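The chains referred to below are lettered A, B, ... by the order of the sequence lines, with proteins before strands, and numbering in each begins at 1. Quick caveat, the model's predicted, so the values are computed rather than measured.
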Amino acid sequence: MTSPRLTPECRAMLRGAGRDGVDRAIRDHADACAFCRDWLQRRAGLTELLAQPVKPPSELTSAAMLDGIRERIIEAGEESSLGRVLEEVLPQPAAPQTAQRAATGDAGDDWAGPALDRELAAQLRRVPGRAPDWSEVRESVLGTAARSGGGRRVSTRIVAGAGGVAAAVILCALLLSEPDRRDMPEIVFTDVSSVSGVDFSPMRVLRTGGIR
Amino acid sequence: MLSSPDVKFRKHRRGAVAVLAVLLVMPAVGRAQGDAGGGGGPVISFAGLSQMLASQDHTVVQLRRFFSPSGVTAVREEARVQANGTAEPDYELEFLGVEGEPNGSPLWQYWDQTYRDHGKLFFEHGLFRVRDLSKVHHNYVLHDFGTTLRIGRAVQRVVVFPNELDKSIWLLEVDIATNVPLYTAEYDAQMRLLSEVEAVSFLPGSHLGPPSGSATTVTVLPTFDAAQTFMGAPAGLVEPLEATAEYELHKVEVRTDPLNNRQTLVLAFTDGVDEFFVIQGPGVPDSFAGLPVRQKTEPSHTIARYRDPAMSVLLFWENGVSFQVAGRGSLLRLDEFAQAIYIQALLDN
């Protein structure tokens, strides 16, 4: 089938279709030219189709598809330099076990120091959060003093003196003894982009043959 | 820094979804087995794979593929194994060539030298091995995916799946007659291919020639203390108190570099299949000494960390000893292990 021969009028119509001021001339030519008339009809039909929104396939809107896309985006972000920076600077959320350990008195697996006695820890947690009123304190002190009476003054002085001597002995012992535990050192991780400077790395040899 | 629990969970969930998707689309004949298989058909078991090296002589020519930023390099090697009833058979691993490279080219010479230096490493640590039969039952599950043919031999295709998703997943095609894996592919939880070894010819039986001198001397010792004595008891070596979770120390080696006679202690830990290494080199200067991270008033303690999907390498120095903790790229728990060793080294000095 041979293609129709386009006349100058056809070309003018094709160039000017849709422009203001030339529609009358286009209509006049389209009435006379079968090719241009068909072309205009197809153009109008395509315009209608393009104006309608295309409904995506149901597979693209499934939860599994969307989850996969989200996870890929998250993974790409986490593996990017921005993700590594955020991982370092953002505070770490406390693990659920941390609160449970705190409630039971366990210090956690990363604590290398001495652990607090469980009973003592439980007693400390039972200390009331509200400070007592001064009137309650005053009455308690006066009541204790009235019950003890003057006869206890001598024994009180002896007990106070012995306690002071014991405190002095303990203080001297602490000052003279060397600390048996150092503060836990702080370890900093620094990410590097290659291990080419390492003489021998078995994993690098196994994975790449040691290529630097 | 350790990954937050949320990130760790998210990564494990993604990995589990990916791997489960692969397993679900495999043929319905796939069935999981701890060690003994179901009725009918050949059975490949962890026990059989473990016994293979102790009892089966064989000669296999295989392609070992290395993945690097510049691409994939396939190296042809020949492994001749003579069983001696132990898990450490007599063997030779010979470099045959590089696929697509003419003999004598610079790349060919590089790999020839690499195999002279590290052939032992490729054979003992670069193939799928059941290193501890008791541990492998606790940490892995064997899935059977039917029979097929490879290089004209009937093989059983199996997947060795870890119970923890921060380890590698292994796809094996095991020769039914001899239990020798003829194809080994290692994947991470995101199904990225990390390593591949493919047999191109196989013969049951082998003949070993006279031992050829290796450039690097490797001495295997029974314990850390024996290795420390062998090295002349240098200061600063650390025996890790305990490995992370299901891993245990299973091999102690001392490597001697022929160029400078420098000795390096290599401790290998395993969970039955997977391995990671702790390498300690006394007499190595601290490469971090001049870095800006060092504070002026108080020295800071730094661990250099390199991680990609294939490998994790953590480096630090203390008291004249260089430390390196190296393992699979997905094994994030190595960060805690390296930190514990560093603290142990600091407190010991």
Side-chain angles (χ1 to χ4, degrees), chain A residues 63-65 67-79 83-98 109-113 180-212, chain B residues 1-7 10-11 13-14 17 66-68 70 73 75 110-111 114 117-118 121-122 125-126 190 194-195 255 257 262 264 266 276-277 279 281 284 287-288 291 293 300-307 310-316 324 326-328 335-336 339 342-343 346-347:
Chain A
M65 172 68 71
D67 282 345
I69 293 172
R70 276 194 287 268
E71 287 176 356
R72 279 197 293 274
I73 293 171
I74 291 169
E75 182 180 347
E78 286 169 349
E79 292 177 359
R84 285 194 288 275
V85 169
L86 290 176
E87 187 180 5
E88 287 179 8
V89 301
L90 289 178
Q92 301 292 332
Q97 294 85 349
T98 304
D109 295 334
D110 56 348
W111 174 247
D180 58 358
R181 188 178 64 86
R182 304 180 193 183
D183 294 331
M184 296 305 293
E186 178 188 358
I187 307 292
V188 175
F189 283 86
T190 299
D191 289 313
V192 297
S193 59
S194 76
V195 287
S196 59
V198 179
D199 287 338
F200 170 67
S201 176
M203 285 308 298
R204 192 185 74 205
V205 172
L206 290 173
R207 293 303 197 201
T208 68
I211 290 177
R212 306 185 176 196
Chain B
M1 288 300 205
L2 301 177
S3 297
S4 68
D6 185 49
V7 171
R10 192 177 297 167
K11 286 182 179 178
R13 187 185 67 177
R14 281 202 301 277
V17 167
F66 295 89
F67 304 94
S68 67
S70 56
T73 305
V75 177
Y110 171 82
W111 283 103
T114 299
D117 292 340
H118 304 298
L121 194 67
F122 292 141
H125 303 286
Q190 279 72 42
L194 304 178
S195 70
R255 301 176 60 90
D257 190 332
R262 181 173 290 165
T264 304
V266 180
F276 68 84
F277 305 91
I279 300 102
V284 176
S287 297
F288 278 168
L291 290 180
V293 296
S300 64
H301 308 292
T302 307
I303 296 179
R305 176 175 55 197
Y306 172 83
R307 177 164 284 133
M311 62 179 170
S312 301
V313 180
L314 299 119
L315 303 161
F316 52 96
Q324 181 185 155
R328 261 72 181 175
D335 291 8
E336 291 180 65
Q339 195 172 26
Y342 201 169
I343 291 174
L346 289 168
L347 294 179

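Heavy atoms of B:L121 lying under 4.5 Å from chain A belong to its backbone as well as its side chain. Contact annotation for B:R255: only side-chain heavy atoms (C-beta onward) come within less than 4.5 Å of a heavy atom of chain A. Proximity to chain A is limited to the side chain of B:V266, based on heavy atoms less than 4.5 angstrom apart.
Contact tally against chain A (heavy-atom pairs below 4.5 Å) for B:V75, B:T264, B:L194: the top residue is B:L194. Annotation: maximal heavy-atom pairing with chain A below 4.5 Å, among B:A310, B:G281, B:A326, occurs at B:A310.
Contact of the A:R204 side chain with the B:M311 side chain is registered, since non-hydrogen atoms from C-beta on lie closer than 4.5 Å. Using a 4.5 Å cut-off on side-chain heavy atoms (C-beta onward), B:T302 and A:I187 make no contact. Contact annotation: the side chain of A:F189 approaches that of B:L314 to within less than 4.5 Å [non-hydrogen atoms, C-beta and beyond].
Remark: A:S201 engages B:Q324 in a side-chain hydrogen bond (donor to acceptor under 3.5 Å, both in side chains) (not counting sequence neighbours). By the salt bridge (charged side-chain N to carboxylate O under 4.0 Å, His left out) test, A:R207 is found to be paired with B:E186, residues two or more places apart in sequence or in another chain being considered.
Between atom CD of residue B:Q190 and atom CD of residue A:E75 there is a gap of 5.5 Å, rounded to the nearest 0.5 Å. A:T190 OG1 to B:I303 CD1: the interatomic distance, rounded to the nearest 0.5 Å, is 9.5 Å. Taking CZ of B:F122 as the reference point, atom CG of A:L206 lies at 6.5 Å (rounded to 0.5 Å). Between B:I343 atom CD1 and A:E186 atom CD the span is 10.5 Å, to the nearest 0.5 Å. Expressed to the nearest 0.5 Å, how far OH of B:Y306 lies from OG of A:S193 amounts to 8.0 Å. Once rounded to the nearest 0.5 Å, the distance linking CZ of B:F277 with CZ of A:F200 reads 7.5 Å.
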